[in-house]
Each structure stands twice: as structure tokens, then as C-alpha cells.
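Below, each value reflects all heavy atoms present in this structure, side chains not excepted, and no hydrogens, waters or symmetry copies. None of the values given here were measured: they were computed from a predicted structure. Letters A, B, ... are given to chains in the order of the sequence lines, protein chains preceding strands, and every chain is numbered from 1.
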Amino acid sequence: MLSLDFIRKNSDLVRRAAELKGEPAPVDEILRLDKLWRGHQRNAETIKAEQNELSKQFAKTRDEALKERLRQMADTAKSELAVAEAVKRELDDLLLRVPNVFHGSVPIGETEAENVVVREWGSKPDLGFAPRTHFDLGEALGIMDFERAARVSGSRFAFLIGEGARLERALVQFMLDVHTLEHGYVEVWPPMLVNSASMVGTANLPKFADAAFRVEGRDLWLIPTAEVPVTNLHREEILDADRLPLKYVAYAPSWRTEAGAAGKDTRGFIRLHQFSKVELVKVTSAETSLDEFEQLTRDAEDVLQRLGLHYQVMAMCTGDMGFAQYKKYDLNAWAPGLDRFLEVSSCSTFNDFQAMRANIRYRPGRGTPPKFAHTINGSGLALPRTIDAIIETYQRSDGMIRVPDVLKPYMGGVELIGAR
RNA sequence: GGGGAGGUGGCUGAGUGGCCGAAAGCACCCGCCUGCUAAGCGGGUAGGGGGUGUAAAGCUCCCUCGAGGGUUCGAAUCCCUCCCUUCCCGCCA
């Protein structure tokens with residue numbers, strides 16, 4: 001969230017940022033409630049101060065008339081405070097609904113058409129034959145099964161079977177190894193159900209309740225991404241500055257309702273209610289967050305390069321970047337069979353927007369007051385679409401799939417999927 | 001699931017109605033002292049918010065001892081509810 005103080009001092013900036021993001025921002029209502037709250041707060045405090053003073057007197061004098069007066073003061077203070085608190089609750093709720101501002105380098109635009117490709121790696125492979133889609137190949141090879149998944153669970157679920165399941169496990173292992181052994185991230189195995197406070201911390205609540213699955217009768221949500229538990233790992237903490245940046249990598253399934261995605265990507269292993277993801281999360285100081293964000297993006301790209309997948313890095317424009325993000329890149333991998341790019345990673349930096357919600361702070365130096373940390377995350381990478389890109393890029397004209405070199409050590413001797 | 005114990009500052013931990021936002025120790029910071037190190041001596045160090053400062057500093061007030069409610073002129077301290085931790089028993093991958 002943005003601090004009340006920041007909104008007071010930069011109301012025009014906040015209004016303008018929200019407009020460019022295409023998000024509503026109740027700035028005027030916030031400023032109105034702020035005045036109201038402070039008025040009542042002040043009244044309550046003034047009475048309280050006097051009451052505290054007189055109460056000390058009473059302890060000595062035991063004067064009955066004073067006692068009666070104190071009783072009345074306590075009542076007045078209490079009711080005044082109750083009003084202040086009610087207004088403050090309303091105010092806090094609105095604050096959670098104000099979108100983040102964005103960095104000066106973010107392209108201004110309304111739709112994805114105005115996103116900007118900042119770099120590309122590799123090129124579209126020429127397979128020498130008409131490439132088939134991953135679902136066509138996957139079903140033919142018996143490594144993907146959507147029909148049975150629909151019977152077992154419903155639409156937007158999938159089975160991976162045999163070498164398909166093995167490929168997924170190999171990718172997870174490979175990615176975790178790259179990030180822990182070579183990029184310096186600490187591996188985390190997080191809870192996959194989280195409470196509402198954590199969902200608020202990462203800004204998945206209150207605005208995006210529809211996007212997540214909730215456990216009936218409990219204050220628990222299936223994580224829409226490992227970002228939620230891992231970013232909240234240090235909620236309500238004050239961290240030592242010399243421990244920063246914290247770098248975590250977590251493998252976890254992600255669950256999403258895909259509300260509002262009706263009709264989109266209904267075919268194939270692309271948009272599912274459950275999918276695996278290896279997630280990168282950093283907690284940094286304010287000074288280093290932009291550099292750390294760029295590096296995290298490079299760390300995710302490294303995985304694509306090692307897999308030999310053609311991809312582009314897309315800077316999201318204001319209208320497409322989202323409520324909480326301060327700056328965001330998507331990594332899109334080329335899928336020859338689908339003849340389009342697939343979003344396999346989304347890397348974002350949030351400034352202190354999430355840290356304020358989750359109350360994650362650090363102390364810049366001895367004896368200095370704590371500051372809110374900056375949080376960053378990105379997929380490194382999301383599994384299904386990476387699998388799609390691999391299958392479609394490494395397919396042979398006979399319908400079998402070569403295993404990328406870097407995955408061979410993880411595939412238990414399988415070098416060609418479908419050969420067995 | 002049943003029963004016991006407990007949740008206090010960066011950490012350990014004392015505190016059962018006002019003298020307590022809180023003893024003591026550890027850690028850390030500043031200064032003194034010793035030719036260096038260690039030791040020693042003195043001082044400092046919770047968070048949030050309101051008001052006043054252009055801002056920082058400062059000053060001042062309010063709130064916070066797991067969370068919420070209650071009793072009381074006054075609550076870390078008494079009462080109720082909830083959450084969490086831990087131990088014993090039961091169950092279980």
C-alpha cells in the first residue's frame with residue numbers, strides 16, 4: 001500500500017498513476033476521512049492526556065467529586081476514540097485499494113499492444129517441417145492427458161504421465177539447482193495454504209479474492225503463487241540491513257480460479273487451475289531494489305537460455321502492469337507449434353508497496369529507525385508453458401521430442417521422449 | 001481430540017492494580033581509561049500514531065507487554081473469548 005502520509009503529500013501523483021494504470025483510486029475519499037479521523041483522534045487524545053494527569057491526582061487525594069468527573073471523561077474519551085477508530089478502519093480499507101505508483105521508466109500505455117520489447121534472445125527455430133502443437137504431440141505420445149483430467153477434476157486441469165511427468169520433475173530440479181547453486185538463492189519449501197493476512201500482504205486481497213481458491217469454513221487460501229508465502233516469510237519483522245538482500249527460491253504448485261479468463265487458452269497446457277512454478281523472491285533495501293530487480297530478471301532469463309528457448313523480454317506498460325507492481329517484465333518464450341510467444345515468467349518489483357502491507361522492515365544502521373523493505377519476485381520459471389515451448393521447439397518430424405542437453409542429467413537416461 | 005504450562009523490547013527474562021513502556025543480563029552504540037588486546041568505568045538503545053516544525057532534529061501528547069472485548073478513576077497485572085507456542089496422553093502419513 002501507499003502510506004497515508006505519501007498520499008497526503010502526493011495526491012495528484014497518486015491520482016495520475018492510478019488513471020494511467022486504469023485503476024480506480026479513492027484519493028478524495030481518503031483525504032476526507034483522513035481529516036475526519038485526525039479530528040476525532042485529536043479530541044480523544046486531548047481528553048486522555050487530561051484524564052491521565054487527573055487520575056494521578058486522584059490516586060493521592062481520593063476525592064469523590066474528582067472520581068465522578070474522571071468517570072465522565074473516560075466515557076467521553078471512549079466514545080470519541082470509537083468514532084476515530086471506525087473512521088480509521090474505513091480509511092485503512094480504502095488504503096488497501098489504492099494502486100501502487102510506477103517507476104519513471106515504465107512505458108505509458110493502455111493495453112498490451114503498448115508493451116515494449118526490451119530485448120530478445122535467440123531466434124525462431126526453423127524445424128524444416130510444419131511444427132505441431134504441444135497438446136497434439138503430448139496426447140499422441142501419451143505424456144499429457146486432458147480428457148481424463150476433465151473427468152477427474154474438470155476443465156483446466158491436466159495429467160502429465162510417464163516421461164511427461166518426468167520432464168516436469170526434471171525441470172523443477174534443474175531450475176532449483178541453477179538458482180541455488182549458481183545464482184545464490186536459498187531454497188524454501190513453503191506452506192501452500194496461507195491466511196488472509198498474508199494474502200493482504202502481497203496485495204492478492206482484498207482486490208483479487210476472485211482469483212484464488214478459498215478453503216471452506218477456514219481462514220485459508222490456496223496459494224495463487226509461491227510469492228505469497230515466501231514474501232510473507234518475514235512479515236512483522238525488522239531485519240538487519242547487513243542480511244539484505246534476502247534471496248529465496250521456492251518450488252510450489254500455484255492455484256488460480258482463472259475467473260474472467262473464460263474462453264481464453266482453453267486448449268492445451270497453458271492456463272490451468274493448478275500449475276507448478278519455481279518462484280524467485282527478494283527482499284532488499286530501498287537503494288538496491290531496482291538493480292536487484294534487473295538481476296532477478298536476468299536470473300530467470302538464464303534458465304531460458306540454458307534450455308535453448310527463444311524468448312523476448314517485454315516491459316509492461318502502465319495499463320497492463322497491474323495494481324501492485326512498480327515495474328514489471330514478462331518473459332515470453334517462443335512456441336513454434338502455437339506460432340506465438342507464451343508468457344513463462346513475470347518479474348516485478350513493488351517498491352515498499354507489499355512490505356508496508358506485510359510490515360517487513362529493516363534497520364539501515366545502528367540506532368536509526370526502521371524502514372520498509374522493498375520486495376521483488378519473478379517466476380524462474382512457470383512450468384507448463386516452459387514445457388510447451390520445449391516440446392514444440394525440440395520436436396522431431398516423427399513426433400518424438402529431444403531432451404535439451406541441460407535436462408539430460410535429470411531425465412534418468414531418457415534422451416528422446418517417445419522412443420521407448 | 002483431552003489435560004497441563006506459557007506468550008513481555010534485537011535476544012534471555014523479572015514484574016500480580018497507580019511509583020512500569022517495563023528490573024536485570026546479553027548484544028550493540030558513544031565516551032573515559034589501559035602503550036596493543038582483554039578487562040574495567042560512565043552514558044545510550046522498543047514500535048506506531050497525533051500535534052508543532054518547509055524538512056530533518058527537537059519538543060509534546062496518545063496508543064502498544066499475542067489479538068479482541070470487559071471490570072476500574074487507573075490494567076502487562078483481574079475477568080471473558082480467540083489465536084499461537086510447548087509438554088503429556090490419544091490418533092495418524
Worksheet entry | Pairwise P distance for B:C28 and B:U37, with rounding to whole Å | 16 Å
Worksheet entry | Per-nucleotide protein contact string for nucleotides 66-75 of chain B, where B marks a base within reach and S marks sugar-phosphate only (heavy atoms under 4.0 Å, - for neither) | -----S-BS-
Worksheet item: Using 4.0 Å as the upper bound for N to carboxylate O, is an ion pair formed by A:Arg32 and A:Glu90?
Response: no
Item to complete: Nearest whole angstrom, please: distance from the P of B:G10 to the CD1 of A:Ile360.
Response: 17 Å
Item to complete: Before accepting this row, confirm whether a basic side-chain N of the pair A:Asp93/A:Arg97 lies closer than 4.0 Å to the acidic partner's carboxylate O.
Response: yes
Worksheet entry | Integer angstrom distance from the C1' of B:G25 to that of B:G15 | 15 Å
Practice prompt. Using whole Å, report how far CG of A:Asp5 lies from C1' of B:G53.
Written response: 14 Å
Item to complete: For B:A14 and B:G7, measure between their P atoms and round to the nearest Å.
Response: 9 Å
Discussion item. Measure CG/A:Leu81 against P/B:C63 and give the value in whole Å, please.
Written reply: 9 Å
Worksheet item: On a whole-Å scale, what distance lies between the P atoms belonging to B:A23 and B:G44?
Response: 12 Å
Item to complete: In plain terms, say whether A:Asp28 and A:Arg15 are close enough for a salt bridge, that is, a side-chain N and a carboxylate O under 4.0 Å apart.
Response: yes
Practice prompt. Please work out whether B:G53 sits syn or anti, treating a glycosidic angle within 90° of 0 as syn.
Written response: syn
Discussion item. So that I can tick it off, tell me whether A:Lys371 and A:Glu287 are bridged by a salt bridge, with the cut-off set at under 4.0 angstrom between side-chain N and carboxylate O.
Written reply: yes
Check the interface with nucleotides 47-50 of chain B: list each N/O to N/O pair with the protein under 3.5 Å, or write none.
{"from": "B:G47", "atom 1": "OP1", "to": "A:Arg363", "atom 2": "NH1", "distance (Å)": "2.9"}
{"from": "B:G47", "atom 1": "O3'", "to": "A:Arg361", "atom 2": "NH1", "distance (Å)": "2.9"}
{"from": "B:G48", "atom 1": "OP1", "to": "A:Arg361", "atom 2": "NH1", "distance (Å)": "3.1"}
{"from": "B:G49", "atom 1": "N2", "to": "A:Glu45", "atom 2": "OE1", "distance (Å)": "3.3"}
{"from": "B:G49", "atom 1": "N2", "to": "A:Glu45", "atom 2": "OE2", "distance (Å)": "3.4"}
{"from": "B:G50", "atom 1": "OP1", "to": "A:Arg8", "atom 2": "NH1", "distance (Å)": "3.4"}
{"from": "B:G50", "atom 1": "OP1", "to": "A:Arg8", "atom 2": "NH2", "distance (Å)": "3.1"}

Worksheet item: Taking 4.0 angstrom as the limit, do A:Arg16 and A:Glu19 come out as a salt bridge?
Response: no
Discussion item. Can you measure A:Glu237 atom CD to B:G9 atom P for me and round it to whole angstrom units?
Written reply: 13 Å
Fill in: Salt bridge flag under 4.0 Å for residues A:Glu294 and A:Lys327
yes
Fill in: Trace of the side-chain hydrogen bond (donor to acceptor under 3.5 Å, both in side chains) decision for A:Glu53 with A:Gln57
CA-CA 7 Å; A:Glu53 196 48 48; A:Gln57 249 182 56; 5.8 Å; no
Fill in: A:Asp5 vs A:Ser3, side-chain hydrogen bond (donor to acceptor under 3.5 Å, both in side chains): CA-CA, chis, key distance, verdict
CA-CA 5 Å; A:Asp5 191 50; A:Ser3 75; 5.2 Å; no
Practice prompt. Provide the Watson-Crick or G-U wobble partner of B:A57, both distances under 3.5 Å; none if there is no partner.
Written response: none
Practice prompt. Under a 3.5 Å limit for both distances, which nucleotide forms a Watson-Crick or G-U wobble pair with B:A76, could you say?
Written response: none
Worksheet item: Given that both distances must come in under 3.5 Å, which nucleotide forms a Watson-Crick or G-U wobble pair with B:C19?
Response: none
Discussion item. Expressed as a whole number of angstroms, how long is the span from A:Gln57:CD to B:C19:C1'?
Written reply: 17 Å
Worksheet entry | Separation of the C1' atoms in B:G47 and B:G10, to the nearest angstrom | 12 Å
Fill in: Presence of salt bridge, A:Lys88 and A:Asp92, under 4.0 angstrom
yes
Worksheet entry | Separation of the P atoms in B:G9 and B:A67, to the nearest angstrom | 10 Å
Fill in: Under-4.0 Å salt bridge between A:Arg166 and A:Glu163
no
Worksheet item: What is the distance from CD of A:Glu236 to C1' of B:U64, rounded to the nearest Å?
Response: 13 Å
Worksheet item: Expressed as a whole number of Å, how far does the C1' atom of B:U16 sit from that of B:C20?
Response: 13 Å
Discussion item. Applying the Watson-Crick and G-U wobble criteria at under 3.5 Å, what pairs with B:U85? Answer none if nothing qualifies.
Written reply: B:A5
Practice prompt. Would you mind pulling out the nucleotide paired to B:A14, Watson-Crick or G-U wobble, both distances under 3.5 Å?
Written response: none
Worksheet entry | P spacing across the pair B:G3 / B:A76, given as an integer number of angstrom | 30 Å
